[in-house]
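Notes to accompany the following structure.
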Amino acid sequence: MPGRPPRVSRHARGVAASRTSPATTRVIQGALGLVLGHPFDTVKVRLQTQTTYRGIVDCMVKIYRHESLLGFFKGMSFPIASIAVVNSVLFGVYSNTLLVLTATSHQERRAQPPSYTHIFLAGCTGGFLQAYCLAPFDLIKVRLQNQTEPRAQPGSPPPRYQGPVHCAASIFREEGPRGLFRGAWALTLRDTPTMGIYFITYEGLCRQYTPEGQNPSSATVLVAGGFAGIASWVAATPLDVIKSRMQMDGLRRRVYQGMLDCMVSSVRQEGLGVFFRGVTINSARAFPVNAVTFLSYEYLLRWWG
């Protein structure tokens, strides 16, 4: 608010703690959000890449009927396994970029918190580097999520991929090393600005609704984290659609010549609305997932800080 001294950045305060906190901090933080949001993510991915569903409810009903409850959790094992790396990169790069940009010590930043410009740039940097670590894991996740076969039953044909390791090996064998990074440019363009939006929204809301010199309450962290997730995913959805389609391209035959061709072809066939496919469920998923992510992050930093 105008005229009120800025509150100390919560993430800036956590920089020193995040450097020394065990990796378990980021594992728990990410895993909580991942387990909570993966069923919604599966529905989102299928809506973006398949045309057999009439909407969110139709997709959810068909997944449950044909694949049971476990169908919503396809492809979750690799994200769980990689969550420590991905979150360490994102939050670690974000925190350390703030150190470089502000050129102030942890104690000095308590009195002079980073500007929103620095927060945005640090978030963009974290998102950019995270994308390269995330690309192969995200590709495998999307391929597994798009398998509509029920779990193996006697006499039924096996799915194309038997699991994440088999999926990775198959992609490497059939599409080459570059195949594991299919859709990586779209993922990078998606995550770079949206992670800046993510952190600046969270920090702005926490500053707005927390009295000077105090830690934000649990309610403030939950609301700020939830709205940060919604803001970033609304901005990310158009490129998220293209990213998912590029990742599925090459499964049987190449459809798109590149990211731009994917955009043009998708608009020609389905109209501009294609760029917002999945935005509703993205937003619904983003609030609880990111509320839990930031709440666990804040409390774990305080615990180990």
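Just so you know, these numbers use all the heavy atoms, side chains as well, and skip hydrogens, waters and symmetry mates. These numbers come from a predicted model, not from an experiment.
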Practice task
Establish whether Met248 and Phe137 are linked, either directly or via other cluster members, by ILVMFWY side-chain heavy-atom contacts under 4.5 Å.
Solution key: yes
Completion exercise
With sequence neighbours left out, the residues meeting side chain to side chain donor-acceptor pair (under 3.5 Å) with Thr49 are Asn146
Completion exercise
So CD1 of Ile200 and OG1 of Thr117: to nearest 0.5 Å the spacing works out to 7.0 Å
Handout entry: Single-linkage hydrophobic cluster, 4.5 Å side-chain cutoff, Val61 and Ile281 together
Key = no
Problem - salt bridge (Lys or Arg N to Asp or Glu O under 4.0 Å) contacts touching residues 113-131 (sequence neighbours left out) - result: none
Practice task
Heavy atoms only: give me the nearest Ser283-Val234 pair and the separation to one decimal.
Solution key: OG-CG2, 3.7 Å
Handout entry: Sidechain-backbone polar pair: Thr97 side chain, Ala122 backbone, donor-acceptor under 3.5 Å
Key = no
Problem - ring-ring contact (aromatic ring centres under 6.0 Å, His included) involving Phe128 - partner list, sequence neighbours excluded - result: Tyr132
Problem - Non-neighbouring partners of Thr192 that pass side chain to side chain donor-acceptor pair (under 3.5 Å), sequence neighbours left out - result: none
Problem - Within one Ile-Leu-Val-Met-Phe-Trp-Tyr cluster: Ile242 and Val255, side-chain cutoff 4.5 Å - result: yes
Exercise for the section: Taking the side chain as every heavy atom from C-beta outward, state whether Tyr53 and Val43 have any pair of such atoms under 4.5 Å apart. Expected result: no
Fill in the blank from the handout: Contacts of Ser244 meeting side chain to side chain donor-acceptor pair (under 3.5 Å) (sequence neighbours excluded), chain-then-number -> Gln48
Handout entry: Side-chain touch Met195/Tyr198, heavy atoms, less than 4.5 angstrom
Key = yes
Taking distance alone, no hydrogens or angles, what donor-acceptor pairs closer than 3.5 Å link side-chain atoms of residues 269-276 to residues at least two apart or in another chain?
residue: Glu270; atom: OE1; partner: Arg245; partner atom: NH2; Å: 3.0
residue: Glu270; atom: OE1; partner: Arg277; partner atom: NH1; Å: 2.7
residue: Glu270; atom: OE1; partner: Arg277; partner atom: NH2; Å: 2.8
residue: Glu270; atom: OE2; partner: Arg245; partner atom: NH1; Å: 2.7
residue: Glu270; atom: OE2; partner: Arg245; partner atom: NH2; Å: 3.1

Practice task
Not counting sequence neighbours, which residues clear ring-ring contact (aromatic ring centres under 6.0 Å, His included) with Phe287? List them please.
Solution key: Phe227
Exercise for the section: Examine Leu295 and Tyr94 and state if one hydrophobic cluster contains both, with Ile, Leu, Val, Met, Phe, Trp and Tyr joined whenever side-chain heavy atoms are less than 4.5 Å apart. Expected result: yes
Problem - Partners passing salt bridge (Lys or Arg N to Asp or Glu O under 4.0 Å) against Asp58 (at least two apart in sequence or in another chain) - result: Arg54, Lys62
Handout entry: Minimum heavy-atom distance Gly225-Phe294, with the two atoms named
Key = CA-CD1, 3.6 Å
Exercise for the section: Mind checking the CH2-CG spacing from Trp185 to Leu239? Nearest 0.5 Å is all I need. Expected result: 12.5 Å
Handout entry: Ring geometry between Phe91 and Phe199 (parallel below 30°, tilted from 30 to 60°, perpendicular above 60°)
Key = perpendicular
Practice task
For side chain to side chain contact (heavy atoms under 4.5 Å, CB included), just list the numbers for Val35 and Ile80, CA-CA rounded to whole Å, side-chain angles, deciding distance to a tenth of an Å, and then say yes or no.
Solution key: CA-CA 8 Å; Val35 173; Ile80 285 286; 4.1 Å; yes
Fill in the blank from the handout: Given the options Lys141, Arg46, Lys74, Asp41 meets salt bridge (Lys or Arg N to Asp or Glu O under 4.0 Å) only with Lys141
Handout entry: Validation row: Gln147, Glu67 side chains within 4.5 angstrom (heavy atoms)
Key = no
Exercise for the section: Check which hydrophobic residues are tied to Trp233 through side-chain heavy-atom contacts below 4.5 Å, counting indirect links as well, and list them. Expected result: none
Problem - Pro177 versus Phe172, closest heavy-atom pair with distance - result: CG-CE1, 3.6 Å
Completion exercise
Heavy atoms of Ala228 and Thr201 approach each other most closely as CA-CG2, 3.7 Å
Handout entry: Spacing of Cys59 atom SG and Lys44 atom NZ [to the nearest 0.5 Å]
Key = 12.0 Å
Exercise for the section: Could you check if a side-chain atom of Pro288 sits within less than 4.5 angstrom of a side-chain atom of Val292, using non-hydrogen atoms only? Expected result: no
Exercise for the section: Apply the test salt bridge (Lys or Arg N to Asp or Glu O under 4.0 Å) to residues Glu174 and Arg143: give CA-CA distance (whole Å), side-chain angles for both, the deciding distance (0.1 Å), then the verdict. Expected result: CA-CA 14 Å; Glu174 297 168 6; Arg143 291 282 179 96; over 6 Å; no
Problem - Rounded distance (nearest 0.5 Å) linking atom CG of Leu180 with atom CD1 of Ile171 - result: 5.5 Å
Practice task
Could you tell me which non-hydrogen atom of Gly229 sits nearest to which non-hydrogen atom of Ser232, and how far apart they are?
Solution key: O-OG, 3.0 Å
Fill in the blank from the handout: Sorted by chain and residue number, the side chain to side chain contact (heavy atoms under 4.5 Å, CB included) partners of Pro164 (sequence neighbours excluded) come out as Ser77, Phe78, Ile140, Leu144
Handout entry: Flag side-chain contact, heavy atom, 4.5 Å: Leu205 against Val223
Key = no
Exercise for the section: Please tell me if the side chains of Arg285 and Val289 come closer than 4.5 Å, counting only heavy atoms from C-beta onward. Expected result: yes
Exercise for the section: State, with a plain yes or no, whether a side-chain heavy atom of Met259 is found less than 4.5 Å away from one of Cys262. Expected result: no
Practice task
Tell me, yes or no, whether the heavy-atom count around Met60 atom CE, taken from other residues, nucleotides or ligands under 6.0 Å, exceeds 12.
Solution key: no
Handout entry: Rounded distance (nearest 0.5 Å) linking atom CG of Leu139 with atom CG of Leu134
Key = 10.5 Å
Problem - Shared hydrophobic cluster for Val100 and Leu98 (ILVMFWY, side-chain gaps under 4.5 Å) - result: no
Handout entry: Side chain proximity check, Ile56 to Leu47, heavy atoms < 4.5 angstrom
Key = yes
Exercise for the section: Please step through side-chain hydrogen bond (donor to acceptor under 3.5 Å, both in side chains) for the pair Asn290 and Tyr202, ending with a clear verdict. Expected result: CA-CA 10 Å; Asn290 291 283; Tyr202 173 76; over 6 Å; no
Exercise for the section: Enumerate the residue pairs fulfilling salt bridge (Lys or Arg N to Asp or Glu O under 4.0 Å) with a member in residues 185-196, sequence neighbours excluded, ordered by first and then second residue. Expected result: Arg190-Asp240
Exercise for the section: Please indicate whether Phe40 has more than 12 foreign heavy atoms, meaning atoms of other residues, nucleotides or ligands, lying under 6.0 Å from its CZ. Expected result: no
Practice task
Grab the two heavy atoms, one from Glu149 and one from Pro159, that are nearest each other, plus how far apart they are.
Solution key: OE1-CB, 3.8 Å
Practice task
Output the distance between atom CG (Asp138) and atom SG (Cys133), rounded to the nearest 0.5 Å.
Solution key: 12.5 Å
Exercise for the section: Using the test side chain to side chain donor-acceptor pair (under 3.5 Å), find all partners of Tyr256 that sit at least two apart in sequence or belong to another chain. Expected result: none
